[in-house]
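Hydrogens, waters and symmetry mates play no part in the numbers below; they use all other heavy atoms, side chains included. Letters go in sequence order (proteins before strands), and every chain restarts at 1.
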Amino acid sequence: MLDNLNNEQIKAVQITEGPLLIIAGAGSGKTKVLTTKIAYLIDQELAGAKEILAITFTNKAAREMQQRIKKMIGKKADDMQISTFHSFGVRIIRENYMRLNYGRNFTIFDANDSLTLVKKILKEKNLDPKIHNPKNIKNRISSCKNNLVSVKEFQKYVKGYSDEIVKDVFAKYEEKLHKSNAVDFDDLLLKPIELFKSHPEVLKEYQKLFKYILIDEYQDTNEAQYVLVKKLVNQAQNICVVGDESQSIYGFRGSNYRNILNFENDFPNCQQVLLEKNYRSTQNILNVANQVIKHNKQKKEKNLWTDNKKGAEVVVNVLRNEHEEAEYVAQVIDDLQKKGADLQTIAVLYRTNAQSRIIEETVLRKGIPYRIVGNVHFYGRKEIKDLLAYLRLIYNINDDVSLLRVINEPSRKIGSKSIAELEKRAQEKNIGLFEALATSRELVFKNLILLLKEQSEKMSLTDLVEEVLSKSGMREELLREKTAMAEVRLENLEEFKSITKEFEEKYGIISLEDFLAEISLMTDVVEYEDSVPQITLMTIHAAKGLEFKYVFVTGVEEDILPHRNSLDSADDLEEERRLCYVALTRAQEHLYITYTQMRQIFGRRVIATPSRFINEMALASEKTMIVNEDSNLIDESIEYNIGEKIISERYGQGIIVAVSSDLLTIAFEDEIKKFIKGHKSIKKVKEE
DNA sequence: TGATCCAGTTTTTTT
DNA sequence: AACTGGATCA
């Protein structure tokens with residue numbers, strides 16, 4: 001088990017008792033250490049699989065680690081639960097919902113639901129959302145909760161009118177959330193803490209259960225997560241945290257890299273292991289990354305080194321604008337591909353999601369297969385959200401946000417006026433919306449939900465979805481529409497059934513409860529085939545923890561990286577530098593950095609300046625590249641309309657479902673693809 | 001009530 | 001350039 005580990009790594013695995021801090025530089029084999037350690041604990045029979053609490057940052061990381069451990073120790077890993085902080089919170093709340101004064105069927109509100117709720121409250125309080133930015137208020141509420149500041153405590157910090165508003169909305173928000181028998185993302189951490197405060201005997205049970213606690217990405221824990229961990233640690237203090245303050249990039253979400261710097265103060269008897277040997281990158285790449293991060297003041301001294309070869313020079317290129325930047329990236333990728341590079345080993349990174357569009361268009365035009373990580377492709381679609389709202393309402397009839405979403409979907413002639421009356425009634429009687437349903441139209445809806453609820457208890461998830469589709473009238477309405485768009489929506493809904501089916505097959509029979517909990521915590525929902533050769537486009541944040549042989553870091557300009565919103569705070573600027581560091585250290589063999597002279601922002605051309613981080617890299621040379629855009633593949637004269645049929649060389653016949661300025665979205669038999677208008681690889685099908 | 005149009009706004013990053 | 005929410009009209 002320990003065969004492929006270096007001395008420090010072995011030490012990190014074998015120190016099982018007492019607090020342990022593992023500082024693991026980028027690419028130093030952190031995941032390997034963690035998984036080996038867990039396998040070791042089980043294999044040495046120091047703990048049963050259920051007695052280990054292992055927390056990672058993303059669901060994806062959790063899944064990956066689970067698989068690795070399984071490979072090492074086989075069946076014994078079956079009971080092993082690796083979770084994120086949030087999914088761990090769900091478990092605790094579920095096991096204790098009564099003590100927390102919640103009903104069994106509680107709903108988890110995602111960020112969108114929370115925002116909807118804030119907007120609704122503003123409306124009720126007759127506050128202008130233009131003056132009181134709902135997103136802003138939502139963020140402030142969230143940061144309060146992440147810092148364990150209750151409404152009552154917030155009162156103390158209130159300075160002036162706008163704070164007063166935030167406080168009022170916050171109070172109402174908490175009230176409504178509870179009335180809806182719902183928790184938001186932050187509650188998933190907060191409620192367990194509340195529980196442990198009010199029920200020390202329950203805390204004791206969990207402390208007894210978890211003999212070993214392991215926390216990954218400790219530099220990205222926020223106050224609530226930190227408190228939660230500290231509470232769970234028992235007398236034996238078998239807590240192992242792993243992290244690297246140089247890779248802390250979630251400050252905007254309340255994470256505090258000082259948690260890792262303070263670990264020694266929290267656990268004075270802690271042991272420490274430093275993993276400084278990098279196995280990932282070439283010397284050249286590591287040098288550049290080290291040069292940049294050197295400029296941060298707040299950090300633990302460490303010296304990441306490698307005995308990998310020097311490798312290729314890091315390439316920096318200046319392009320005239322974002323189109324040529326994307327073109328350049330695509331050309332290089334094209335060349336790499338011709339030389340036999342595997343597309344899966346190539347990643348293009350950017351600071352903001354907005355940058356992805358042009359890159360996507362360009363690789364599309366070049367015919368380079370790609371995937372975009374973190375796009376809410378599927379679950380963000382209206383029809384899917386509607387269906388989910390039905391399921392959530394069926395599960396928890398107190399969920400007012402979901403009720404409002406579907407009460408008139410499809411149209412039941414319950415418009416804004418009827419809804420206003422319904423809300424008034426509910427408010428007067430101080431009851432939930434569902435209970436307040438009274439008019440004949442509303443009662444039809446109420447009975448529909450009640451019927452479905454009854455059915456939900458005796459049929460499979462997939463059958464339930466089918467029932468919702470037919471009984472709600474969603475399917476009927478889409479069939480009636482007879483537009484290409486409706487056709488696609490219908491297909492998406494059918495696709496949803498195959499997702500639930502997959503769930504059922506994977507986990508045996510799955511309850512509505514499990515399914516909804518799973519879905520609401522999933523962000524990387526689109527399960528992509530790892531076997532399909534394609535390049536990866538994603539934000540730098542999304543790239544954390546990953547590695548690629550070839551990495552392109554684009555838009556390395558002032559106002560983007562570092563982002564303009566972080567320029568007036570020294571702390572924020574250091575976080576941007578760490579972000580840059582994370583981007584650079586994703587690369588194994590080849591690192592390409594680009595910036596432009598001119599960029600369009602909000603539809604306006606703006607002069608761009610190279611990022612200060614480029615200077616900090618202290619590179620010997622950089623090149624200005626003039627890229628000629630290759631336009632002979634495109635025939636701009638062709639016009640397209642929704643509903644027209646298209647034939648593609650690669651995907652066969654499809655139908656246009658959306659047209660934007662440069663892009664077409666085309667639905668084929670079993671997938672939806674985007675194309676550049678007029679691209680020679682697609683042709684219109686003439687119809688009589 | 002629902003469809004369509006227009007004006008104003010947006011983009012930092014996400015469990 | 002794309003999306004939202006509000007205003008206007010059928």
What stems involve DNA chain C, if each pair must be Watson-Crick or G-U and both of its distances must be under 3.5 Å, with 3 or more such pairs in a row?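 So the stems come out as B:1-10 with C:1-10.
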
For the residue pair A:Tyr218 and A:Tyr226, does the interplanar ring angle fall in the parallel (under 30°), tilted (30 to 60°) or perpendicular (over 60°) class?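 Because their plane-to-plane angle lies in the 30° to 60° range, the rings of A:Tyr218 and A:Tyr226 count as tilted.
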
Parallel, tilted or perpendicular, as decided by the 30° and 60° cut-offs, for the rings of A:His178 and A:Tyr102: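 The arrangement is perpendicular - the two ring planes meet at more than 60°.
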
Whether A:Phe252 stacks on the six-membered ring of B:dT13 base, 5.5 Å and 30° limits: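 A:Phe252 ring centre within cut-off of B:dT13 base, planes near parallel; stacks.
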
Regarding [X] and [Y], does a basic nitrogen lie under 4.0 Å from an acidic carboxylate oxygen?
X	Y	result
A:Arg258	A:Glu245	no
A:Glu174	A:Lys145	yes
A:Glu361	A:Arg357	yes
A:Glu409	A:Lys382	yes

Does OP1 or OP2 of [N] have a side-chain N or O of [X] closer than 4.0 Å?
X	N	result
A:Asn146	B:dT15	no
A:Asn222	B:dT15	no
A:Ser87	B:dT15	no
A:Asn353	B:dT13	yes

Look at the side chain of [X] and decide which nucleotide, out of [options], has an atom nearest to it.
X	options	result
A:His541	B:dT15, B:dT11, B:dT13	B:dT13
A:Phe602	B:dT14, B:dT15, B:dT10	B:dT10
A:Tyr250	B:dT15, C:dA2, B:dT14	B:dT14
A:Arg253	B:dT10, B:dT15, C:dA1	B:dT15
A:Asn565	B:dT11, C:dG5, B:dT15	B:dT11

Whole Å only: how far is the [atom1] atom of [X] from the [atom2] atom of [N]?
X	N	atom1	atom2	result
A:Glu322	C:dA1	CD	P	11 Å
A:Ile108	B:dT14	CD1	P	20 Å
A:Lys123	C:dG5	NZ	C1'	10 Å
A:Asp128	C:dG6	CG	C1'	12 Å
A:Gln355	B:dT10	CD	P	19 Å
A:Leu579	B:dT14	CG	P	10 Å
A:Ile419	B:dT1	CD1	P	9 Å
A:Glu421	B:dT1	CD	C1'	14 Å

Base, sugar-phosphate, or nothing for [X], non-hydrogen atoms under 4.0 angstrom?
X	result
A:Ser411	sugar-phosphate
A:Asp110	nothing
A:Lys119	sugar-phosphate
A:Phe57	sugar-phosphate

Using the six-membered ring of A:Tyr250, assess whether NZ or CZ of A:Arg253 lies under 6.0 Å from its centre and within 45 degrees of the ring axis.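 Verdict for A:Tyr250: a cation-pi partner in A:Arg253.
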
Residue whose closest nucleotide on DNA chain B lies nearer the 5' end, A:Gln225 versus A:Lys135: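 Here A:Lys135 is the residue nearer the 5' end.
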
Nearest heavy atom decides the nucleotide; on that basis, is A:Asn139 or A:Ser418 closer to the 5' end of DNA chain B?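 It is A:Ser418 whose nearest nucleotide is closer to the 5' end.
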
Taking C:dT4 as the reference, what is the distance to B:dT13 when you measure between their P atoms (whole Å, please)?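 Straight-line distance between the two P atoms is 15 Å.
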
Residues in salt bridge (Lys or Arg N to Asp or Glu O under 4.0 Å) with A:Asp128, at least two apart?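 Listed in chain order: nothing, the list is empty.
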
Salt bridge (Lys or Arg N to Asp or Glu O under 4.0 Å) involving A:Lys446 - partner list, sequence neighbours excluded: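 Scan of A:Lys446 (salt bridge (Lys or Arg N to Asp or Glu O under 4.0 Å), adjacent residues dropped) gives none.
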
